[in-house]
Amino acid sequence: MAEPLLDIRGLKTWFKTEDGMVRAVDGVDLHIDSGETLGVVGESGCGKTVTARSVLKLIDMPPGRFEAGQILWKGRDLIPLEASEMNSIRAKEIAIIFQEPMTSLNPVYTVGDQIAEVIELHQKLSRKQALVAAAEMLRLVNIPNPQRRVHDYPHQFSGGMRQRVMIAMALSCQPKLLIADEPTTALDVTIQAQILELMQEMKDRFGMAIMLITHAMGVVAETCQRVTVMYAGLVVEEAPVEALFGNPRHPYTQGLIRSIPRVDRSAAKKQRLEAIAGTVPNMLEPPPGCRFAARCKFAMDICNQGIPPLKEVGTGHFVRCVL
Amino acid sequence: MQVHRVSRQYVIRKLLIMIPSLLGISIVLFSLLAMAPGDPFDELATNPAVPPEVRAALRAKFGLDDPVWMRYWHWLIALLQGDWGFSFVSRMDVSTLIMQRLPVTLVVIGASQILAIAVAIPVGVLAATRPYSLFDQIANTFAFIGFSLPTFFTGLVLILVFSIQLDWLPFVYRADISATGWEFYWEHIKQSIMPVTVLGLFQGAALVRFVRSSVLDVIRLDYVTTARSKGIGERKVITRHVVRNALIPVVTLVALQMPIVFSGAVVTEQIFRVPGIGSLLITSMLSNDTPVVMGVTFVSACLVVIFNLIADILYGWLDPRIAYR
């Protein structure tokens, strides 16, 4: 098998707080091949965002720190890299877009300026050429009137349009990997669909890989080839998308899938939406065994004796469960 | 990066707002002074050579017995024609008196504000980018000391050390320097150093704390993470994407502090005997020279309003969201 584009091995990103060490990411393994879309799912606080930001080293240190693990980008570990080497990878090879398009752009510069800033730096263009390229990027992400809009400020754009601007900025240097950290969570439903469609279109055009972080299982089913399910700082299941939805093995994944609202069932039969009882464990002192045990209806004694290893249950299908 | 242009309409609107504010300020000042006890002819009451009838006649002649609104109206009309009134004590036009004193004050205040800003921005930004580091703690400590000590105290300490012990700097500010050419400027610089330092560092100390907290507020915003993800390097992230945004509230603070700076200048001018409008205000108050008091306070009010206008324009320049409204 070819070397994966990004290979995260046993990554632990911890945060020092007044109460002690918060183990936000506590041994994550995941990999992305060139050109594929990997979905990373899990509920709020399970470490998805920290994992994503760790890849670009956008974690504030301190309080954060890499406790263990490797982040291999094309075989090279990013963790020990100098800031300047990291900067030559950011935006040029790995780009990121965030959850909140309303606050992700600097309000005092025009969107053209902010896109051109990246292009100027990584493609060694003059400011003027970079601005032309920025307008071209705005056209690619379907912003009407790009020649004029390039001189507008972020507050003159709506939320969906700003996320398009973010995508234009992220893709302006044709990165090999786009990390999309809940890119549609803050947008309303019709705009969500448009943004996802745009990302798909851009992927086909530029051939990059996408790491799509989300907690919407529906989005995953539509856009991803493979899925990694995270729970409490760990990967609990990893599978091709059909296998995950067809044959979910981890009780947490099963719960996530059952919690997807289905118009055909619930409304007609007045069924209540199924939820997973309980909350994510406190990451200051995570339980010694399986972290889902406290909420799992199949929990046994053995579940509390050490974290179960990831075991292969099918082609490319791994699960961290004793069952 | 490109800086946008503030629209002319915005500036004109801000200029027009100045007119009612200045009118309002002058009404308040005039009424307050009219209510205050004492007027330029009080001294005559204690002078046995002046019979009460003469005093009454003088008061009537100068219109002091007219109702307040009529006196204000006369004052305003005269002011609009360039007549600021006449000082009974100095026997000079108020405008001449003020024009003699104003440049010195403007130079001292201007230089001290520039000093304050030049110290506060780099120190505040550096402290905020390394919170709780040794540099941050030292800067914080000095800032605390700086704004806890009143200017009359630090002024006296400076005089004791640099004028009396070391004899490097003059401690009385002289307006009548006879030297010419470079020496003239050198003497002026030498005598300005202490008043400017005292005022500037006092202002700067408060500003350092403010700049630091403003930068700390901005540095954790989402668009700063976006800027970091571009790979432009930490220094550019700070200078381009943090400092400019963090300066917006700082501009407000500097503008709002202008009245405090003026009153601080009054005290400092007294300590260093700077012949500025601050000391003019105090002497004219002591001698019941109402037209001068009115003139000086109104000039200070105008300056404060003008600084607010400058702040508004800077605001519009720093933050496009404001100038577009």
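Protein chains get the first letters and strands the later ones, always in sequence-line order, with residue 1 at the start of each.
- The pair A:E93-A:K176 does not count as a salt bridge, with every side-chain nitrogen at least 4.0 angstrom from each carboxylate oxygen.
- With a 4.5 angstrom heavy-atom cutoff, A:M102 does not touch chain B via any of its atoms.
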Can I get a per-line list of side-chain donor-acceptor pairs under 3.5 Å for residues 209-219 of chain B, giving both atom names and the distance, sequence neighbours left out?
unit_1: B:R209; atom_1: NH1; unit_2: B:N140; atom_2: OD1; d: 2.8
unit_1: B:R212; atom_1: NE; unit_2: B:D136; atom_2: OD1; d: 2.8
unit_1: B:R212; atom_1: NE; unit_2: B:D136; atom_2: OD2; d: 3.4
unit_1: B:R212; atom_1: NH2; unit_2: B:D136; atom_2: OD2; d: 2.9
unit_1: B:S213; atom_1: OG; unit_2: B:F210; atom_2: O; d: 3.2
unit_1: B:S214; atom_1: OG; unit_2: B:A246; atom_2: O; d: 2.7
unit_1: B:D217; atom_1: OD1; unit_2: B:R220; atom_2: NH2; d: 3.4

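- Remark: B:R244 qualifies as a cation-pi partner of A:Y109 under the 6.0 Å distance and 45° angle criteria applied to the six-membered ring.
- The distance from atom CD1 of A:I115 to atom CD of A:E136, rounded to the nearest 0.5 Å, is 11.5 Å.
- In this structure, A:L6 and A:H31 have side chains that are not in contact, with every pair of non-hydrogen atoms separated by 4.5 Å or more.
- B:L221 does not touch chain A: none of its heavy atoms, backbone or side chain, sits under 4.5 Å away.
- Checked by atom type, the side-chain pair B:T105/B:E269 shows a donor-acceptor distance below 3.5 Å.
- Interface residues of residues 112-128 of chain B toward chain A, defined by a heavy-atom distance below 4.5 Å: none.
- Heavy atoms of A:M166 lying under 4.5 Å from chain B belong exclusively to its side chain.
- Put simply, of A:I94, A:L56, A:L58, the one with the most heavy-atom pairs under 4.5 Å next to chain B is A:L58.
- Under the 3.5 Å distance criterion, the side-chain polar atoms of A:H122 are left unmatched by any main-chain donor or acceptor of A:I89.
- Geometrically, A:R65 does not engage A:F15 in a cation-pi contact defined by less than 6.0 Å to the ring centre and at most 45° from the axis.
- Contacts between A:L105 and chain B at a heavy-atom distance below 4.5 Å involve the backbone alone (N, CA, C, O).
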